[in-house]
Student: 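Dropping a structure here in structure tokens format, bear with me for questions.
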Amino acid sequence: MAYRPHITDAPQVFSDEEIINLMPKNFAFIAKLIGVEASLNLIHAYGGTCVFVPTKHAVNINHDITHIIGLSALKQLSEQRGATYVEVPMGTPITIAMRNKAVRDYAQKEKSKPKLARHFGLTLRSIRTILSGTEKRPSNEAQNYDLFAK
């Protein structure tokens with residue numbers, strides 16, 4: 001069975017700032033608001049869908065989101081985004097970054113690229129790309145920011 005990282009294990013691999021930089025811009029705001037751990041739990045439970053955030057007057061302990069992110073985080077979220085839908089990402093860039101870090105770490109012990117490919121369920125080309133460090137790291141920061149800086 002190939003290694004598959006779990007989205008909620010991301011804080012053990014990356015810092016909070018690195019995780020937020022791997023999220024889409026519209027969800028990075030929510031992660032900063034409610035915290036990385038709560039946002040990762042939200043991704044795990046509702047990834048790829050839209051979630052309705054109730055108004056702050058309708059928040060209670062029995063709400064579905066309360067069991068996932070906690071009551072205090074839901075209150076913060078409802079103050080900012082109450083009565084709207086929040087699009088929750090799949091978190092694929094985070095799990096891919098975790099997998100690539102695991103490949104690089106495992107390559108320190110195991111020098112055979114075919115064994116690495118079998119262990120992680122990847123092609124040899126993917127292993128070479130990861131180990132050479134030429135893969136693109138997704139980021140939600142603007143690519144051309146320095147063009148407009150004074």
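Values below: every heavy atom of this structure, side chains too, minus hydrogens, waters and symmetry copies.
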Student: If I compare all heavy atoms of P5 with all of M98, which pair ends up nearest, and what's the gap?
Tutor: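 For P5 and M98, the tightest heavy-atom pair comes out as CB-CE, 3.6 Å.
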Student: I'd like to know if the side chain of E110 reaches the main chain of A107, judged simply by a donor and an acceptor atom lying under 3.5 Å from each other, with no hydrogens or angles considered.
Tutor: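 Answer holds: no.
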Student: For Y85, look at atom OH and say whether over 12 heavy atoms of other residues, nucleotides or ligands are found less than 6.0 Å away.
Tutor: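 For Y85, atom OH is not crowded (no more than 12 foreign heavy atoms under 6.0 Å).
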Student: Does a donor on one side chain and an acceptor on the other come within less than 3.5 Å for T55 and H57?
Tutor: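 No, no side-chain donor-acceptor contact under 3.5 Å.
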Student: Do H44 and I68 touch side chain to side chain, with heavy atoms closer than 4.5 Å?
Tutor: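 No - every pair of side-chain heavy atoms lies 4.5 Å or more apart.
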Student: Please tell me whether Y46 and I19 are part of a single hydrophobic cluster in this structure, the criterion being side-chain heavy atoms less than 4.5 Å apart.
Tutor: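 As far as the 4.5 Å side-chain criterion goes, I19 and Y46 are connected within one cluster.
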Student: Does one hydrophobic cluster hold both V59 and V51, with members joined at side-chain heavy-atom distances below 4.5 Å?
Tutor: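 Yes, it is one cluster - the side chains of V59 and V51 are joined through contacts under 4.5 Å.
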Student: Please assess M90 against I43 for the test side chain to side chain contact (heavy atoms under 4.5 Å, CB included), listing each intermediate value before the final yes or no.
Tutor: CA-CA 6 Å; M90 290 292 294; I43 290 171; 6.0 Å; no
Student: By side-chain contact (heavy atoms from CB on, under 4.5 Å), which residues pair with T66, not counting sequence neighbours?
Tutor: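 side-chain contact (heavy atoms from CB on, under 4.5 Å) list for T66, sorted by chain: I61, H63, L71, L74.
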Student: Spell out, yes or no, whether L124 and I130 are grouped together once hydrophobic residues are joined by side-chain heavy atoms under 4.5 Å, including indirect joins.
Tutor: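 No, L124 and I130 fall in different hydrophobic clusters.
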Student: Could you tell me which non-hydrogen atom of Q76 sits nearest to which non-hydrogen atom of I34, and how far apart they are?
Tutor: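 Heavy atoms only, the tightest pair is OE1-CA, 3.8 Å.
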Student: Checking I7 against N41 for the side chain to side chain contact (heavy atoms under 4.5 Å, CB included) test, could you report, in this order, the C-alpha distance in whole Å, the side-chain angles of both residues, the deciding distance, and whether it holds?
Tutor: CA-CA 8 Å; I7 190 78; N41 288 338; over 6 Å; no
Student: Under a 3.5 Å threshold, yes or no: a donor from one side chain and an acceptor from the other, between S126 and T129?
Tutor: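 Looking only at side-chain atoms, T129 and S126 do not form any donor-acceptor pair under 3.5 Å.
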Student: So if you build clusters from Ile, Leu, Val, Met, Phe, Trp, Tyr with side-chain heavy-atom gaps below 4.5 Å, do L77 and F29 land together?
Tutor: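 Cluster IDs for L77 and F29 match.
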Student: Taking C-beta and beyond as the side chain, do E87 and F27 meet within less than 4.5 Å on heavy atoms?
Tutor: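 A side-chain contact under 4.5 Å is absent here.
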Student: Closest heavy-atom contact between F14 and K101?
Tutor: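 The pair with the smallest heavy-atom distance is CE2-CD, 4.1 Å.
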Student: What are the two closest non-hydrogen atoms of I30 and V86, and how far apart are they?
Tutor: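 Nearest heavy atoms, I30 then V86: CD1-CG1, 3.1 Å.
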Student: Search all heavy atoms of A31 against all heavy atoms of S39 and return the closest pair with its distance.
Tutor: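 In this case the closest contact between A31 and S39 is CB-OG, 3.6 Å.
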